[in-house]
Amino acid sequence: MKKITALVLTLIMAFAVCAVPASADGKLILGTSADYAPFEFMYADENGEMVYGGIDIDVAKYIAEDMGKELQVENMSFDYLLVSLAKGDYDMVIACMESTEERLNAADFSDPYYTDVPPMILVKKDAADSYKTLADLSGKNVGAQTATTKLDMVNEMEGVNAVALANVNDLVNELVYDKIDAVLLDGAIALEYAKTNPDLVVAEASSELGEAAPYCVAVAKGDPKGLLPAINEAIAKMTEEDAVASFIEAADALVDSGAAEEVSADAPEEA
């Protein structure tokens, strides 16, 4: 889902030279960006404590359990995840992240664990008839999350004014309050916002965007901790068991219940 700018890529490679181990004493440390329900978000458990949940969190838990490790979750703004991974702050990153040619210069990636529905454009319901094709977005302000492949797509749209923000919730609020005209998101995310906000719908123009790329687990470049074989083994088991289907069901139930919280990038880690 992301692209890395040249400056960020330079920082990643610099940090990779002096990266230090993140995990300790049987822990597997996950870096994610918990503003992306139903994939990663926070909610109050039965004790009222805020914990991480979502499809990607359950994927991470499965991998950790299969490796015989305890999962620790760290939350950060999406556009800094790979920098922190290179520094050694995390053992792996799972955050709806696609393996792109540019990203492969900064990190190594697992086999795919899930492919989302195609990307979609979210617009106000009362303006939906105005956006039947991508050409209809010319001259409009279209938002996308910073450092993502969705922002790349917006930048490639002829005549469109791209608006980049780090937090998806902020992007949607900009749309709701008519500060921008549309938001380009991963498909499941757009559908979730449309389901929970009666003023928003998926634009017909979304049909021109093409298919989604699969999501993968990222580890530090060169896999210095030797995690990829075990991660891929866990993903193979997960795929054979169709476990992601149950993760999707559980995440959707939490979001539908209203449990999912908007959360800033400096949220505390899960105990």
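Keep in mind the model is a prediction, meaning the values are calculated, not measured.
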- Do Val168 and Ile55 belong to the same hydrophobic cluster, where Ile, Leu, Val, Met, Phe, Trp and Tyr are linked whenever their side-chain heavy atoms lie under 4.5 Å apart, directly or via other members? yes
- Note on the structure: So OH of Tyr36 and CG of Asp186: to nearest 0.5 Å the spacing works out to 3.5 Å
- Message: Under a 3.5 Å distance rule, please check whether Lys221 uses its side chain to pair with a backbone N or O of Leu104 as donor and acceptor.
- Response: yes
- Just jot down the side-chain contact (heavy atoms from CB on, under 4.5 Å) partners of Asp242, sequence neighbours excluded, or say none. Ala245
- Query: Which heavy atom of Met42 sits nearest a heavy atom of Ala34, and at what distance?
  - Reply: CG-CB, 4.3 Å
- Message: Are Val123 and Leu200 linked, directly or through intermediate hydrophobic residues, by side-chain heavy-atom contacts shorter than 4.5 Å (ILVMFWY only)?
- Response: no
- If you round to the nearest 0.5 Å, how far is CD1 of Ile180 from CG of Leu171? 5.5 Å
- Glu65/Lys61 salt bridge by N-O under 4.0 Å criterion: no
- Message: Parallel, tilted or perpendicular, judged at 30° and 60°: which one describes the rings of Phe39 and Tyr215?
- Response: perpendicular
- Item | Rounded distance (nearest 0.5 Å) linking atom CG of Asn75 with atom CG of Leu81 | 8.5 Å
- Sidechain-backbone polar pair: Thr146 side chain, Leu165 backbone, donor-acceptor under 3.5 Å: yes
- Item | Side-chain touch Leu185/Met120, heavy atoms, less than 4.5 angstrom | no
- Which atoms form the tightest heavy-atom contact between Leu82 and Ala107, and what is the distance? CD2-CB, 4.3 Å
- Item | Asp199: side-chain contact (heavy atoms from CB on, under 4.5 Å) partners, not counting sequence neighbours | Lys124, Asn197
- In this structure, CG of Asp58 is separated from CD1 of Ile63 (nearest 0.5 Å) by 11.0 Å
- Message: Strictly distance-based, threshold 3.5 Å: is any side-chain N or O of Asn232 a donor or acceptor partner for the main-chain N or O of Ser110?
- Response: no
- Glu70 versus Gln72, side-chain donor and acceptor atoms under 3.5 Å: no
- Message: Hydrophobic cluster membership, with links at side-chain heavy-atom distances under 4.5 Å among I/L/V/M/F/W/Y: are Leu175 and Leu137 in one?
- Response: no
- Mind checking what makes side-chain contact (heavy atoms from CB on, under 4.5 Å) contact with Val255, not counting sequence neighbours? Ala37, Pro38, Phe41, Glu192, Ala260
- Note on the structure: When rounded to the nearest 0.5 Å, the distance separating NZ of Lys237 from OH of Tyr62 is 6.5 Å
Distance-only donor-acceptor pairs under 3.5 Å for side chains of residues 206-213, two or more places apart:
unit_1	atom_1	unit_2	atom_2	d
Ser206	OG	Ile121	N	2.8
Ser206	OG	Ala203	O	2.9
Ser207	OG	Glu204	O	3.1
Glu208	OE2	Leu134	N	3.3

- For the hydrophobic clusters of this structure (ILVMFWY residues joined by side-chain heavy atoms under 4.5 Å, transitively), does one cluster hold both Leu184 and Tyr193? no
- Task: State, with a plain yes or no, whether a side-chain heavy atom of Asp181 is found less than 4.5 Å away from one of Val142.
- Result: no
- Query: Which pair of heavy atoms, one from Met67 and one from Ile231, lies closest together, and at what distance?
  - Reply: SD-CG1, 4.3 Å
- Are any non-hydrogen side-chain atoms of Met92 and Ile29 less than 4.5 angstrom apart? no
- Message: For a 4.5 angstrom cut-off between non-hydrogen side-chain atoms, does Thr149 reach Glu98?
- Response: yes
- Item | Heavy atoms from other residues, nucleotides or ligands near NZ of Lys195 exceed 12 (cutoff 6.0 Å) | yes
- Non-hydrogen atoms of Ala166 and Asp79 that approach each other most closely: CB-OD1, 4.4 Å
- Task: Might you point out which heavy atoms bring Leu85 and Tyr90 nearest each other, and give the distance in Å?
- Result: CD1-O, 3.5 Å
- Task: Mind checking side-chain contact (heavy atoms from CB on, under 4.5 Å) for Ala144 and listing every partner two or more places apart, or none if nothing turns up?
- Result: Lys150, Leu151, Val154
- Item | Interatomic spacing from CG in Asn167 to CD in Glu174 - rounded to 0.5 Å | 11.0 Å
- Message: Has Thr32 got a side-chain atom pairing as donor or acceptor with Ile94's backbone, closer than 3.5 angstrom?
- Response: yes
- Message: According to salt bridge (charged side-chain N to carboxylate O under 4.0 Å, His left out), who are the partners of Asp223, at least two apart in sequence or on a separate chain?
- Response: none
- Could you tell me which non-hydrogen atom of Asp56 sits nearest to which non-hydrogen atom of Tyr113, and how far apart they are? OD1-OH, 2.8 Å
- Query: Would you say the side chain of Met76 lies within less than 4.5 Å of the side chain of Ser84, judging by non-hydrogen atoms?
  - Reply: yes
- So do Phe109 and Val217 actually touch side chain to side chain, heavy atoms under 4.5 Å? no
- Item | Tyr52 side chain near Glu40 side chain, heavy-atom distance below 4.5 Å | no
- Message: I'd like to check Leu71 versus Leu30 (side-chain heavy atoms, cut-off strictly below 4.5 Å). Are they in contact?
- Response: yes
- Message: Has Asp45 got a side-chain atom pairing as donor or acceptor with Asn47's backbone, closer than 3.5 angstrom?
- Response: yes
- Query: Is Asp91 salt-bridged to Lys69, going by a charged N under 4.0 Å from an acidic O?
  - Reply: no
